[in-house]
Amino acid sequence: MKIKAKQKGPLGRRTRLLLCLTLGLTLFAASASPPPALASIGSRATVTQAVLQEMLPGLVMTQAPASETLQEFTRLTISQLSADAPFKEWKNAGTEVYPLGPGTRSWLVNVMNGEQRIGYLIISAADGGKYLLSEYGAGTYGLPYSMNDLRQYLVQEGLITSSYSGKIELSALYAPLLPVWKLTLADKTLYLNASVLQVLPWSLSQANRILDSQLDAKALVVYTGSGQQVRTPLPALLSGGQDDPYADLLWLTAPELKTISEVSLKTLLTSRGSLAFQSTGRNDALGAPFMITGCQSWLPAPGSKAGAEPAVIYAAAGPGGKRYLPLAALQQFGSFHKPPLPLADGAY
């Protein structure tokens with residue numbers, strides 16, 4: 001997916017008006033009695049987003065038509081997940097579908113409550129007309145491919161200034177386990193982690209190599225187009241443990257956990273609260289390090305062709321455990337480590 005925009009020169013009258021409105025709201029919030037802290041923060045954030053959208057009007061994602069099979073898989077997956085937390089708000093939700101490159105072999109499906117995003121799925125194509133559930137998650141913020149977060153990051157980091165008048169080209173891409181933005185400004189191209197925003201140290205050849213790789217379908221929930229899901233999710237286990245890998249780096253001294261099964265993962269999450277994940281030498285390609293603070297098992301549906309196959313496990317990863325990533329793929333590309341044991345009062 002490519003999005004192009006031509007930036008205008010200095011801030012126009014409309015933008016200056018919005019900036020004045022931002023300042024006015026800030027002064028009003030400061031003088032109110034008592035000061036409504038949360039309300040003022042929300043107001044400033046809303047106006048800030050409006051200002052940034054005024055400055056970068058072309059940075060939008062464009063929806064794409066979805067095949068009937070893709071729509072079927074989306075409906076079935078949302079219906080199954082909505083039975084339990086943290087996906088209960090997905091019942092009767094709408095969807096928005098956006099293509100993800102390179103090519104169009106993956107799709108971002110935003111789960112919508114009216115105009116509010118409450119979750120997402122990333123679905124990828126596989127051989128034989130099959131579809132794969134690459135990752136998914138619930139929440140109203142901190143999700144991959146947030147345009148508001150991207151606009152704010154570009155301005156705050158000085159990657160785009162209000163006076164920029166050159167060509168902007170943005171592409172939404174998906175590498176295994178990593179959402180990616182590709183941003184071209186004039187003759188300069190940047191790749192950014194589209195989940196936890198940061199510039200990735202990739203050359204064009206490195207980017208092509210990483211983006212051209214694919215996940216093993218055996219690690220994922222697969223849809224064959226039969227009109228019925230072959231797997232059923234159990235309720236998610238959420239530990240509420242430490243979700244910041246930099247809060248205590250002692251996990252770096254812990255030996256690698258060689259093999260993690262469904263049972264051992266749940267046991268470790270119950271006793272430790274979380275697990276640290278890293279991929280030595282290629283953390284940037286996976287958005288690592290990050291913490292695992294939960295998991296969800298998908299069992300073969302009764303009477304399905306999956307039969308006695310083992311469960312497919314997705315690990316709740318990153319800030320707030322909002323991204324559910326395939327456990328088998330994580331084990332293939334990186335390693336898990338035990339964090340320090342939590343103390344009795346919940347501290348570390």
Answer whether the closest heavy-atom distance between the side chains of [X] and [Y] falls below 4.5 Å.
X	Y	value
Y324	F87	yes
T77	L121	yes
K266	C295	yes
Y223	Q229	yes
R151	N148	yes
L108	M61	yes
S82	K88	no
L81	Y136	yes

**Trace of the salt bridge (Lys or Arg N to Asp or Glu O under 4.0 Å) decision for E169 with K182** = CA-CA 8 Å; E169 185 175 305; K182 178 183 178 182; 6.0 Å; no
Rounded to the nearest 0.5 Å, how far apart are [atom1] of [X] and [atom2] of [Y]?
X	Y	atom1	atom2	value
L159	E157	CG	CD	6.5 Å
L268	L257	CG	CG	6.0 Å
E262	I313	CD	CD1	4.0 Å
S79	K91	OG	NZ	9.0 Å
K322	E135	NZ	CD	14.0 Å
Y314	S297	OH	OG	11.5 Å

**Asked** ring-ring contact (aromatic ring centres under 6.0 Å, His included) between F290 and Y246: does it pass, once the steps are laid out?
**Response** CA-CA 9 Å; F290 50 75; Y246 301 104; over 10 Å; no
**Request:** Flag the pair R117 and E96 as a salt bridge only when some basic side-chain nitrogen lies within less than 4.0 angstrom of an acidic carboxylate oxygen.
**Result:** no
**Pair R75 + E68, salt bridge at N-O below 4.0 Å** =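 Yes, this pair counts.
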**Request:** For residues W107 and Y174, establish whether the separation of their ring centroids is below 6.0 Å.
**Result:** no
Please tabulate, for the side chains in residues 184-201, all donor-acceptor contacts under 3.5 angstrom to protein atoms that are two or more places apart in sequence or on a different chain.
residue: T184; atom: OG1; partner: T189; partner atom: OG1; Å: 3.3
residue: N193; atom: OD1; partner: S195; partner atom: N; Å: 2.7
residue: N193; atom: OD1; partner: V196; partner atom: N; Å: 3.1

Does [X] share a hydrophobic cluster with [Y], counting links as ILVMFWY side-chain heavy atoms below 4.5 Å and allowing steps through other members?
X	Y	value
W298	W90	yes
L237	F277	yes
L211	L220	no
L178	L286	no
L76	V221	yes

For the residue pair [Y] / [X], report whether a side-chain donor-acceptor contact shorter than 3.5 Å exists.
X	Y	answer
S203	S205	yes
S134	S124	yes
T267	T270	no
E256	H337	no

**Request:** Report, as yes or no, whether the 6.0 Å neighbourhood of atom CD on E72 holds more than 12 heavy atoms from other residues, nucleotides or ligands.
**Result:** yes
**Message:** Counting only heavy atoms from other residues, nucleotides and ligands, does the tally under 6.0 Å from CD of Q228 exceed 12?
**Reply:**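 No, because the 6.0 Å sphere around CD of Q228 holds 12 heavy atoms or fewer from other groups.
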**Request:** Check whether any side-chain N or O of R282 sits under 3.5 Å from a backbone N or O of A288 as a donor-acceptor pair, and report yes or no.
**Result:**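 Pair absent, no side-chain N/O of R282 close to backbone of A288.
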**Request:** For the pair F73 and Y131, name the ring-plane relationship: parallel under 30°, tilted 30 to 60°, perpendicular over 60°.
**Result:**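 If you compare the ring of F73 with that of Y131, the planes turn out tilted.
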**Item:** Residues Y98, T62; criterion side chain to side chain contact (heavy atoms under 4.5 Å, CB included); working and verdict
**Value:** CA-CA 6 Å; Y98 301 89; T62 303; 5.6 Å; no
